[in-house]
Amino acid sequence: MNEIIKNIEAAQLKENVPQFNVGDTVRVYGKIKEGNRERIQVFEGIVLKKQGGSVRATFTVRKNSNGVGVEKTWPLHSPSVERVEVIRHGKARRAKLNYLRSRVGKKAKVKELVK
């Protein structure tokens, strides 16, 4: 039974998933269905957390829109996610950046990682 589930999940994995970490600024291209047509909407922000593994892996992205913080959790291997672009790499010293929720303006920034 366990091997059957592993084989099904392995078939659903995406091949071209970019490497990004917590603190990175990403641009997520998500498919949105409106009536009988489908379009792609871009959501750009900082990755607050990554969790799960295999097919169930998700990541949460936060952006500031008109002075209001907006967070969206995306499944990494979902067909509703067209692609993920990494804009810049951030230097984060912890796994979950929940402290960014209470910060506004320049304090809510993450330093850029210089390689």
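These numbers come from the heavy atoms of this one structure, side chains and all, not from hydrogens, waters or symmetry mates. Everything numeric in this text was worked out from a predicted model, so none of it was measured.
- For the atom pair CD of Q51 and CZ of R56, the computed distance is 12.5 Å after rounding to the nearest 0.5 Å.
- Contacts of R37 classified as salt bridge (charged side-chain N to carboxylate O under 4.0 Å, His left out), with partners at least two apart in sequence or in another chain: E34.
- Every residue meeting the side-chain contact (heavy atoms from CB on, under 4.5 Å) condition with N21, not counting sequence neighbours, appears here in chain and number order: D24.
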Starting from the C-alpha separation in whole Å, work towards a yes-or-no answer on side-chain contact (heavy atoms from CB on, under 4.5 Å) for I46 and V110.
CA-CA 8 Å; I46 298 175; V110 176; 4.2 Å; yes
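- Considering V42, V28, I40 as possible partners of E82, the one that fulfils the side-chain contact (heavy atoms from CB on, under 4.5 Å) test is I40.
- For the atom pair CZ of F20 and NZ of K50, the computed distance is 4.5 Å after rounding to the nearest 0.5 Å.
- The same ILVMFWY cluster, assembled from side-chain heavy atoms under 4.5 Å apart, contains both F43 and L76.
- A 6.0 Å sphere centred on NZ of K31 holds more than 12 heavy atoms belonging to other residues, nucleotides or ligands.
- No donor-acceptor pair closer than 3.5 Å links the side chain of H89 to the backbone N or O of L113.
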Evaluation steps, side-chain contact (heavy atoms from CB on, under 4.5 Å), between L48 and L100:
CA-CA 8 Å; L48 286 188; L100 288 180; 3.9 Å; yes
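- Closest approach of G23 to A92, counting heavy atoms only: CA-CB, 4.4 Å.
- Partners of K72 under the salt bridge (charged side-chain N to carboxylate O under 4.0 Å, His left out) rule, at least two apart in sequence or in another chain, do not exist in this structure.
- Expressed to the nearest 0.5 Å, how far CG of N2 lies from NZ of K6 amounts to 5.0 Å.
- Atom OH of Y29 is separated from atom CD of E44 by 8.5 Å, given to the nearest 0.5 angstrom.
- Put simply, NZ on K106 and NZ on K109 are 6.5 Å apart, with the number rounded to the nearest 0.5 Å.
- Partners of Y99 under the side-chain contact (heavy atoms from CB on, under 4.5 Å) rule, at least two apart in sequence or in another chain, are R94, L97, R103.
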Enumerate, atom names and distances included, each donor-acceptor pair closer than 3.5 Å involving a side-chain atom of residues 57-70, sequence neighbours excluded.
{"from": "T60", "atom 1": "OG1", "to": "T73", "atom 2": "OG1", "distance (Å)": "3.1"}
{"from": "R62", "atom 1": "NH1", "to": "E71", "atom 2": "OE2", "distance (Å)": "2.9"}
{"from": "N64", "atom 1": "OD1", "to": "V68", "atom 2": "N", "distance (Å)": "3.3"}

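- Listed for the S78 side chain is a donor-acceptor partner under 3.5 Å among the backbone atoms of S80.
- Within 6.0 Å of CZ in R101 there are more than 12 heavy atoms belonging to other residues, nucleotides or ligands.
- Nearest heavy atoms, Q19 versus V86: O-CG2, 3.9 Å.
- Rounding to the nearest 0.5 angstrom, the gap separating the CZ atom in R27 from the CD atom in E85 is 5.5 Å.
- With sequence neighbours excluded, the residues that form a side-chain contact (heavy atoms from CB on, under 4.5 Å) with E112 are R88.
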